[in-house]
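What follows is a short report on a single structure.
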Amino acid sequence: MRVLVVGGGGREHALLWALHRDAPDATFFCLPGNAGTSRLAQNIPGKPTDVDAVTAAARERRVDLVVVGPEAPLAAGLADRLAKERIATFGPSAAAARIESSKAFAKTLMVKHRVPTAAARSFTELSQATRYIGSHPEPLVVKASGLAAGKGAVVCRTRAQARTAATSMLRTGALGEAGAEILVEEYLSGEELSVLAITDGEHFAILPPAQDHKRLGEGDTGPNTGGMGAYCPVGIASPELLRRIADEIIEPVLEALRIEGAPYRGTLYAGLMISSSGAPSVIEFNCRFGDPEAQAILPVLPDGILPVLRLIAEGGWMPAGLKLGHARGAAVATVLAAEGYPNAPKQGAEISVPPDLEADGDVLIFHAGTAADAQGRLRVTGGRVLAVTATAPSVAAAAARSRDAAERIHFDGKQYRRDIGWREIARGR
Ligand code: AMP
Ligand code: GLY
């Protein structure tokens with residue numbers, strides 16, 4: 001069997017790790033990959049959004065299965081193109097990926113099908129947006145409708161801040177095409193939860209939920225990032241809450257997409273706010289695994305994810321009897337980011353990982369922005385550099401291991417949070 005993973009971040013390294021565990025004899029490719037994926041797969045240089053080039057690479061290598069990591073190639077129609085070439089692909093069509101690539105589309109769909117979500121209105125005209133903001137209670141949220149690589153949502157304490165955010169998106173064009181349409185949205189309070197469902201468009205299996213840590217600094221302070229760490233499972237995700245999420249959110253959205261003529265195949269990621277009374281509400285959908293959620297979820301899943309992804313990619317559903325909903329123990333992933341991340345990450349620092357850490361069975365070092373230089377030394381090449389996942393019976397124990405490991409890996413300017421999982425630890429888990 002020959003498998004291509006598209007993408008080059010920590011999520012893709014974690015996906016490769018899980019797939020390789022299921023099929024150690026299979027041949028793996030990763031496009032473009034990183035220094036970590038090159039140990040499990042042959043890296044293929046190229047851009048994931050270059051649909052022609054990725055398709056050609058899959059054809060040339062006679063790949064049986066493509067697993068697409070990031071959203072941009074899905075939004076660009078990679079899954080549609082590979083389907084035309086009859087190459088089995090795990091990941092939604094561009095039409096179904098609009099659930100992430102157009103927040104305006106997602107919002108309309110949710111309202112139409114009564115899926116609980118923050119009240120919002122979409123605008124392309126600044127004057128109309130400004131008028132609406134003028135009568136909106138504070139705080140409020142301004143969001144670019146399109147894909148903005150994690151920079152599209154601005155939580156605003158005041159209407160004045162919201163006007164500034166709307167102006168920068170609609171008039172200044174700060175986010176380009178992604179910000180040509182914006183949403184002005186009600187602020188939701190509560191605790192965030194990332195719920196990922198693997199689906200063939202009709203059936204679905206909810207994976208053990210995770211919690212991301214979006215802010216750069218400890219105690220959830222500082223600027224928003226792509227995610228500084230994640231843990232799994234999450235204590236607030238009771239069976240009752242998950243049933244509500246399945247019934248009120250996942251099931252109706254999959255049905256809505258079928259009605260739209262865009263059946264969903266792949267991983268549907270629901271970014272939720274859970275209110276203090278325990279009611280789930282959608283903040284956003286993503287059309288893929290989360291990063292760094294994947295680095296915390298995949299290590300606690302049972303073996304056998306590869307056959308599931310392959311069956312779905314080929315138009316089928318899960319093997320009977322496989323249960324993906326229950327976490328085996330707990331995992332905590334701590335992200336190590338480059339100096340200057342998220343605004344201006346500095347590249348080039350040499351990375352050193354203690355050999356005993358590489359050999360530790362309870363620690364997984366997933367690479368993101370890394371590459372080997374001509375001398376074979378590991379170098380920083382991106383904003384998020386590594387995610388160190390530790391597994392243990394409890395989140396508290398996994399968090400301590402992950403933090404210790406993150407401390408022992410060195411590169412100049414390393415930034416990481418020592419409090420990943422703090423909410424769960426405060427719950428006594
Ligand atoms: P998004 O890009 O939609 O995932 O938003 C990024 C982050 O902004 C989320 O993870 C939340 O922390 C925050 N956020 C987005 N929308 C809302 C909202 N309606 N209420 C409260 N926080 C929000
Ligand atoms: N960790 C958030 C995301 O993957 O979008």
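Atoms within a ligand are numbered from 1 in the order they appear, just like the ligands themselves.
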Hey, is ligand 2 close enough to Glu284 that some N/O pair sits below 3.5 Å? no

Heteroatom proximity flag, Lys214 to ligand 2, N/O under 3.5 Å: no

Please confirm whether Glu186 comes within less than 3.5 Å of ligand 1 when only nitrogen or oxygen atoms on both sides are compared. yes

Between the side chains of [Y] and [X], is the shortest nitrogen-to-carboxylate-oxygen separation below 4.0 Å, so that they form an ion pair?
X	Y	result
Lys214	Asp220	no
Glu218	Arg418	yes
Asp412	Lys346	no
Arg258	Glu255	no
Glu125	Arg131	no
Lys103	Glu185	no
Arg384	Asp291	yes
Arg244	Glu240	no

What atoms in ligand 2 come closer than 4.0 Å to a heavy atom of Glu293? 1 (N), 2 (C), 4 (O)

Mark up the atoms of ligand 2 that fall under 4.0 Å of a heavy atom belonging to Asp212, in ascending order. 1 (N), 2 (C)

Are any of the heavy atoms in [X] under 4.0 Å away from ligand 2?
X	result
Phe289	no
Ala230	no
Pro292	yes
Gly290	yes

Rounded to the nearest 0.5 Å, the CG atom of Asp362 sits from the OG1 atom of Thr389 at a distance of 12.0 Å

Side-chain donor-acceptor pair under 3.5 Å between Thr117 and Lys107, yes or no? yes

With backbone taken as N, CA, C and O and side chain as the heavy atoms from C-beta onward, which portion of Glu192 lies under 4.0 Å from ligand 1: side chain, backbone, both, or neither? side chain

Check each heavy atom of Leu188 against ligand 1 and say whether those closer than 4.0 Å belong to the side chain, the backbone, both or neither. both

What is the closest protein heavy atom to atom 23 (C) of ligand 1, and at what distance does it sit? Val155 CG2, 4.1 Å

Identify the protein heavy atom lying closest to atom 19 (N) of ligand 1, giving its residue, its atom name and the separation to 0.1 Å. Glu185 OE2, 2.8 Å

Would you tell me which option among Ser281, Ala120, Ser194, Ala153 has the nearest heavy-atom contact to atom 5 (O) of ligand 1? Ala153

For ligand 1, which atoms have a heavy atom of [X] less than 4.0 angstrom away?
X	value
Lys143	3 (O), 15 (C), 16 (N)
Lys214	10 (O)
Val141	16 (N), 17 (C), 18 (C), 19 (N), 20 (N)
Glu284	1 (P), 2 (O), 3 (O), 4 (O)

For ligand 2, is any non-hydrogen atom under 4.0 Å from Arg288's backbone (N, CA, C, O), its side chain (CB onward), both, or neither? side chain

Heavy atoms, side chains only, cut-off 4.5 Å: are Glu191 and Gln211 in contact? yes

Taking the six-membered ring of Phe105 as reference, does the cationic atom of Arg98 (NZ for Lys, CZ for Arg) lie under 6.0 Å from its centre and within 45° of its axis? yes

